[in-house]
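Take a look at the structure below.
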Amino acid sequence: MSNKVHLGHTARKRFGQNFLTDGNIINRIVGAIAPDNDHVMVEIGPGLAALTEPVAQSIDNLTVIELDRDLAERLKVHPTLKNKLTIHQGDALKFDFSQLVVPDRKLKVFGNLPYNISTPLMFHLFEFAEHIENMHFMLQKEVVLRLSASPGTKAYGKLTVMAQYYCQVVPVLEVPPGCFTPPPKVDSAVVRLVPYAVKPWPCKDVELLRTVCNTAFNMRRKTLRNNLKPMLSDADFELLGIDPGLRPEDISVQQYVAMANYLFDKR
């Protein structure tokens, strides 16, 4: 195990910290991220800099957002990184990513995300999708399966619909627990999210789309007719060309957008 990265910091349960320590996997992830100076490179939760160091090597500047004050302090005095990093100590969930945008340079965002914040953080980042070239995240494998799921499968849900509304979703590689210290109890995977420059199915009101998804997937075993009763009648479904007897996971992203746009126009 000679390519294990040395730590010297105790992982904190409350931050959901599992540090990536497998050199091989780190190299593959950095290859997928493809750091360059043509984009504003942004890392969320650099932790002990397992990805930060190799990414920063090939670029002039890297912006990092780190919640853990101790880790942010360590980065400020890091021998090889301190001159390359712009450090924001704080909560990525509340961070305004548009402040990082530079004329003619979009963001490339990456991070080994704590499991407890991965979904809300992705929803937060989707709001800045127009400024983002791509995102690479290490997530629970189950979350990557949900992000990339197809209609008609168990993993397909509201996260799928919202992610695929904004982005093209590409699973990159699987990362077993042994690549981390301490090893998590679940398998992980890296996903690439590429925001659409032009959305294939533009939605007139994204909040309404979220409401339709939340309501539809509230009871997965029930039909669309039952779940969306307060919103859509059988006549509405007929106009939309959608069978109300189907279950929520049987409807494509395009059809969810169509329902939201129909409700928007009806208002």
Side-chain angles (χ1 to χ4, degrees), residues 1-12 15-68 70-72 74-87 92 107-115 117-118 121-122 125 132-145 147-148 169-194:
M1 298 301 278
S2 60
N3 67 347
K4 282 275 182 188
V5 180
H6 180 64
L7 294 186
H9 166 94
T10 309
R12 294 189 181 181
F15 287 143
Q17 288 172 338
N18 294 90
F19 297 108
L20 187 60
T21 45
D22 182 308
N24 256 341
I25 291 283
I26 290 168
N27 290 342
R28 289 179 64 188
I29 297 169
V30 174
I33 293 166
D36 61 50
N37 287 320
D38 303 326
H39 294 85
V40 178
M41 302 297 303
V42 183
E43 182 174 15
I44 295 173
L48 295 171
L51 290 172
T52 320
E53 285 179 24
V55 166
Q57 259 167 22
S58 58
I59 56 172
D60 299 335
N61 183 268
L62 172 60
T63 297
V64 299
I65 301 159
E66 175 57 70
L67 181 60
D68 187 327
D70 296 349
L71 293 178
R74 279 178 68 135
L75 292 171
K76 280 177 194 161
V77 298
H78 191 290
T80 59
L81 288 173
K82 62 184 179 200
N83 301 327
K84 284 198 165 186
L85 298 184
T86 304
I87 301 167
L107 313 182
K108 276 188 176 181
V109 183
F110 65 97
N112 169 16
L113 300 188
Y115 297 146
I117 69 154
S118 61
L121 183 59
M122 280 186 282
L125 280 158
I132 297 173
E133 181 71 34
N134 59 40
M135 301 180 265
H136 287 83
F137 293 130
M138 169 94 71
L139 300 161
Q140 235 167 310
K141 182 177 157 186
E142 174 228 358
V143 178
V144 173
L145 291 173
L147 288 167
S148 56
V169 181
V170 187
V172 178
L173 77 156
E174 294 190 10
V175 186
C179 300
F180 298 89
T181 307
K185 294 186 171 58
V186 292
D187 283 328
S188 305
V190 175
V191 69
R192 176 187 294 127
L193 302 169
V194 185

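In this text the structure is predicted, and so the values were computed from the model without any measurement.
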To the nearest 0.5 Å, how far apart are CD1 in I117 and CE in M122? 9.5 Å
Tell me if a side-chain donor or acceptor on E53 pairs with a main-chain N or O of L81 at a distance below 3.5 Å. no
Give me the atom names and distance for the closest heavy-atom approach of P184 to P177. O-CB, 3.3 Å
So, does T63 use its side chain to make a donor-acceptor pair with the main chain of T86 at under 3.5 Å? no
I want to check something: taking the side chain as every heavy atom from C-beta on, are L48 and R74 in contact at a cut-off of under 4.5 Å? yes
Taking the side chain as C-beta and beyond, is there a heavy-atom pair between L20 and I29 under 4.5 Å? yes
Using atom types as modelled and distance alone, determine if a side-chain donor or acceptor of N37 lies under 3.5 Å from a backbone N or O of D60. yes
Report yes if some heavy atom in the side chain of V190 is under 4.5 Å from a heavy atom in the side chain of V175; otherwise report no. yes
Criterion side chain to side chain contact (heavy atoms under 4.5 Å, CB included) on F110 and V55, from CA distance to verdict: CA-CA 10 Å; F110 65 97; V55 166; 3.8 Å; yes
Backbone N or O of L62 within a donor-acceptor pair of the K84 side chain at under 3.5 Å? no
Do I26 and V30 come within less than 4.5 Å of each other through their side chains, counting heavy atoms only? yes
Looking only at non-hydrogen atoms, find the nearest pair between G47 and L71 and report the distance. CA-CD1, 3.7 Å
Once side chain to side chain contact (heavy atoms under 4.5 Å, CB included) is applied, do any residues pair with Q140, and if so which ones, sequence neighbours excluded? Y115, E142, V143, V186
Side-chain touch P46/L75, heavy atoms, less than 4.5 angstrom: yes
Can you measure from CG (D187) to CG (L139) and round to the nearest 0.5 angstrom? 13.0 Å
Can you name the closest pair of heavy atoms from L125 and I44 and give their distance? CD1-CD1, 3.9 Å
Is there a donor-acceptor pair under 3.5 Å between the side chain of H39 and the backbone N or O of E133? no
Minimum heavy-atom separation for D36 and M41, please, with both atom names. O-CG, 3.6 Å
Taking K108 for its side chain and A34 for its backbone only, find out whether a donor-acceptor pair lies under 3.5 Å. yes
Enter the distance from L121:CG to M135:CE here, rounded to the nearest 0.5 Å. 9.0 Å
Quick one: does R192's side chain get under 4.5 Å of F137's, heavy atoms only? no
Heavy-atom side-chain proximity of M138 to F180 below 4.5 angstrom: yes
If we only count heavy atoms from C-beta on, is the K76 to I87 side-chain gap below 4.5 Å? yes
Quick check: closest heavy atoms across E66 and D68, and the distance to 0.1 Å? OE2-N, 2.9 Å
Would you name the heavy atoms of I25 and C179 that are closest together and state the gap between them? CG1-SG, 3.7 Å
